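Labels below follow one simple rule: chain letters A, B, ... track the order of the sequence lines, proteins then strands, and each chain is numbered from 1. From a predicted model like this one, the values you see are computed outputs, not experimental measurements.
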Number of protein chains: 2
Amino acid sequence: MAALERVNGVALWRQIADSIRQSIASGEYSGTIPPETLLAERFGVNRHTVRAAVSALSREGVLRSERGRGTFIIRQDSYVFPISRRTRFSEGLSEQARVFDGALLGADQEMADAALARRLSLEAGAPVIRLETLRRADGIALSRATSWFPAGRFAGIADAYREEGSITRAFRRLGLADYVRRETEVTASHASPDDCLALGLSAGAIVLVAQSLNTDLDGVPVQYAVTRFAADRVRLAMDTG
Amino acid sequence: MAALERVNGVALWRQIADSIRQSIASGEYSGTIPPETLLAERFGVNRHTVRAAVSALSREGVLRSERGRGTFIIRQDSYVFPISRRTRFSEGLSEQARVFDGALLGADQEMADAALARRLSLEAGAPVIRLETLRRADGIALSRATSWFPAGRFAGIADAYREEGSITRAFRRLGLADYVRRETEVTASHASPDDCLALGLSAGAIVLVAQSLNTDLDGVPVQYAVTRFAADRVRLAMDTG
DNA sequence: GATGATTTGTACGTATGTATT
DNA sequence: CAATACATACGTACAAATCAT
């Protein structure tokens, strides 16, 4: 594998670890991964380097090595987040997780900058409420979101969310019975130190970043959110059938 | 901060380079990027580390530094891929790129394994045609896709695609006038060596992985595809308004 | 034009991580 | 496990080009 060279700022063992993870996800291996010596030969590296890769995956909870027996694949749960006009994370997940909750990490009032004001159809500098929230399923952090709401219309949103643990229910409490998702834009990037802390990720992990806009039934924006999903625990599903 | 690399396997400067590239793509910067000292402070690293990141991006043709003046953005390539029931990549992109084309990297006939057969509503072991394709905009590789088609119905799909450069037109040529996207599932992972080669990415880059199913108007599956997008050049947009 | 602030370029030193032998 | 060569990251200092005043 000539492509594996250390010139790009990514350690060989990390590239090999990612390759192994990929092979596991694609079903190429089942039960155990091949022996270290075989992998070393296949990747064209020293056995020590393969060991470093396996060690990293073990730390991340993907593999478990047993002396004399082999290295076993630990199945990890992955959650599907539906994205549609009627997206309700809490409802979509309730079938997959036994315990599902949202926590309020922080709240603040600030002034909308030009880009945010445009998205929420407000005047630049208009007051908005920012919520930092965390979603968990069965005790595992899945996503953290930063949401902005027009401050005039949703003054008590922070308290409402804190007590309800759900945007849908917080909206309902403030008199907004229904809302729809107008648009979602998905990208991906490396997890920031903040992401790692909040989501319990190892440094260098990947997050799916979704920017979304919700409106009321008259098309008036009620929430703009940037949500960061732990990419190895979550799939985003768009049903367009 | 030096400890980051130990846990991670991805060099700090590489993570910062990716982050800068992401910010450029998302339109956060325009014209120039912030000064090195400011970026260093913002990322919490030494100025040299930022310089290593900028240096890498300069080698890749994204940035150009001028002493005393600043660091200028050369390529600000960000393409939005719409995902909807009527997704037509070629149509959605034609407004954003001057030159847009699809190339056939390879084609093969194989037998559907259990998972693929289920997705295409075929018997396990049924013959399918696999296409490896690459999409470019203005000469820049945006995505590579592996697609499977029922071999019985779309025998000449490889030749048709090779000559048309588009799935939509290849389908039309084989008598399928129209089709719809039924579902799409999005995840993200590190770029494999193959991805790096095909998409011109640096090791450690991120790809958005979309698994999608297309059906004809009667709901019969016609194509299952796994598409790998260069995450720093592409945003996936779901319009649910 | 001169001055100082800003910004990128260069150099040296130190410590630690990475990968092979 | 040790030795080795190279990459990564920080720290400090100063030089050179540009820009606002």
Shortest non-hydrogen contact from A:Ala158 toward A:Leu104
O-CD2, 3.6 Å
Among C:dT7, C:dG9, D:dA9, the one nearest B:Pro35 by side-chain distance:
C:dT7
Nearest-neighbour nucleotide for the B:Arg69 side chain, D:dC19, C:dT20, C:dT8 considered
D:dC19
Expressed as a whole number of angstroms, how long is the span from B:Glu41:CD to D:dG11:C1'?
16 Å
Kindly say if B:Thr71 contacts the phosphate of C:dT7, meaning a side-chain N or O under 4.0 Å from OP1 or OP2.
no
So do B:Arg21 and B:Glu60 actually touch side chain to side chain, heavy atoms under 4.5 Å?
yes
How long is the span from the CZ atom in A:Arg233 to the OH atom in A:Tyr79, to the nearest 0.5 Å?
10.0 Å
Looking at the side chain of A:Trp13, which of D:dT8, C:dA19, D:dC10 is the nearest nucleotide?
C:dA19
Looking only at side-chain N and O atoms, does B:Thr37 come under 4.0 Å of OP1 or OP2 in C:dT6?
no
Selection from D:dA9, C:dG9, C:dA19 that lies nearest to any side-chain heavy atom of A:Ala11:
C:dA19
Assess the side chains of B:Gln22 and A:Ser189: does a donor N or O sit below 3.5 Å from an acceptor N or O?
no
Between B:Pro34 and B:His48, name the one whose nearest nucleotide on DNA chain C is closer to the 5' end.
B:Pro34
